[in-house]
Q: 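Structure incoming, see below.
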Amino acid sequence: MSLMVTPDLLEQARSGKVNDADFIACIADSLPYAWSMVTKLAAELNNDTANSAVNEEVPQTDEEWGQMFRMMASDSMRAAIERHYGVRLAFQNCCAVGVFRPDAEEDLIDFTSPEAQVLNQKPELRNC
């Protein structure tokens with residue numbers, strides 16, 4: 001299971017409207033490693049003039065790997081995080097997560113290109 005859903009959040013979903021703040025809190029509580037990585041990158045982006053911030057840290061445990069995969073594989077989680085931080089997220093693999101300014105289209109295209117994907121491959125990450 002990806003998220004630890006509270007009874008209140010479950011009721012919101014049943015009634016047809018989940019509050020973004022409550023959904024974000026659920027993501028942060030359920031996936032603390034992944035959440036802290038994205039939060040760190042968003043802060044780096046806000047404190048710099050660069051168009052993007054990219055994680056280079058490799059998750060150290062299976063749990064950390066899994067959190068990254070679950071967060072980044074979910075369109076709804078990524079969209080909520082993008083709204084929350086006012087950024088765009090991109091994902092090459094379990095440890096290459098990028099946070100981009102909304103208007104940094106060229107940087108985002110470069111990061112998500114086949115060339116960038118191929119160049120990001122490392123033998124030690126083959127089975128991540």
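It should be emphasised that the depicted structure is a prediction, and the values quoted were computed from it without experimental measurement.
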Q: Can you name the closest pair of heavy atoms from Leu3 and Ile27 and give their distance?
A: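 For Leu3 versus Ile27, the nearest heavy atoms are CD2-CA, 4.1 Å.
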Q: Please report the shortest heavy-atom distance between Asp22 and Leu9, naming the atom on each side.
A: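 Closest pair (atom of Asp22, atom of Leu9, distance): CB-CD1, 4.0 Å.
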Q: side-chain contact (heavy atoms from CB on, under 4.5 Å), that's the test. Do Trp65 and Val58 meet it? Break it down for me.
A: CA-CA 8 Å; Trp65 293 95; Val58 176; 3.7 Å; yes
Q: After noting the C-alpha distance and the side-chain angles of Tyr85 and Val38, does the key distance pass the side-chain contact (heavy atoms from CB on, under 4.5 Å) rule?
A: CA-CA 9 Å; Tyr85 285 119; Val38 171; 4.2 Å; yes
Q: Taking all non-hydrogen atoms of both residues, which atom of Ala53 and which atom of Leu41 are closest, and how far apart?
A: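 Scanning both residues, the minimum pair turns out to be CB-O, 3.6 Å.
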Q: For Tyr33, does its backbone N or O pair with a side-chain atom of Gln67 as donor and acceptor, under 3.5 Å?
A: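 At least one qualifying donor-acceptor pair exists.
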Q: Mind listing the closest non-hydrogen atom pair of Phe111 and Phe91 along with its distance?
A: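 Smallest interatomic distance, heavy atoms only, reads CE2-N, 4.0 Å.
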Q: side-chain contact (heavy atoms from CB on, under 4.5 Å), that's the test. Do Asn55 and Lys40 meet it? Break it down for me.
A: CA-CA 9 Å; Asn55 178 65; Lys40 180 184 84 167; 4.0 Å; yes
Q: Where the side chain of Arg88 meets the backbone of Asp103, is there a donor-acceptor pair that is under 3.5 Å apart?
A: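 No: the side chain of Arg88 does not pair with the backbone of Asp103.
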Q: Can you name the nearest heavy-atom pair linking Met68 to Met37, along with the distance?
A: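 Result for this residue pair: CE-SD, 3.5 Å.
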Q: Going through the distances and angles, do Glu64 and Glu57 end up as a side-chain contact (heavy atoms from CB on, under 4.5 Å)?
A: CA-CA 11 Å; Glu64 291 173 353; Glu57 295 176 23; over 6 Å; no
Q: Which atom names give the shortest non-hydrogen contact between Ser2 and Leu31, and what distance separates them?
A: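 Closest approach of Ser2 to Leu31, heavy atoms only: O-CD2, 3.6 Å.
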Q: Given side chains that start at C-beta, do those of Val54 and Gln92 come closer than 4.5 Å, heavy atoms only?
A: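 Val54 vs Gln92: side chains apart.
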Q: Using modelled atom types only, decide if a donor and an acceptor are shared between the side chain of Ser74 and the backbone of Arg70 within a distance under 3.5 Å.
A: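 Side chain of Ser74 to backbone of Arg70: no pair is present.
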Q: Indicate the ring-plane relationship of His84 and Trp35, choosing parallel, tilted or perpendicular according to the 30° and 60° boundaries.
A: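 Answer is tilted, since the angle falls between 30° and 60°.
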Q: Check for a donor-acceptor pair, side chain of Asp48 on one end and backbone N or O of Glu44 on the other, with a separation under 3.5 Å.
A: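 No.
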Q: Test: salt bridge (Lys or Arg N to Asp or Glu O under 4.0 Å). Region: residues 11-21. Which pairs qualify, not counting sequence neighbours?
A: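 Every salt bridge (Lys or Arg N to Asp or Glu O under 4.0 Å) pair that includes a residue of residues 11-21, provided the two are not neighbours, is Asp20-Arg83.
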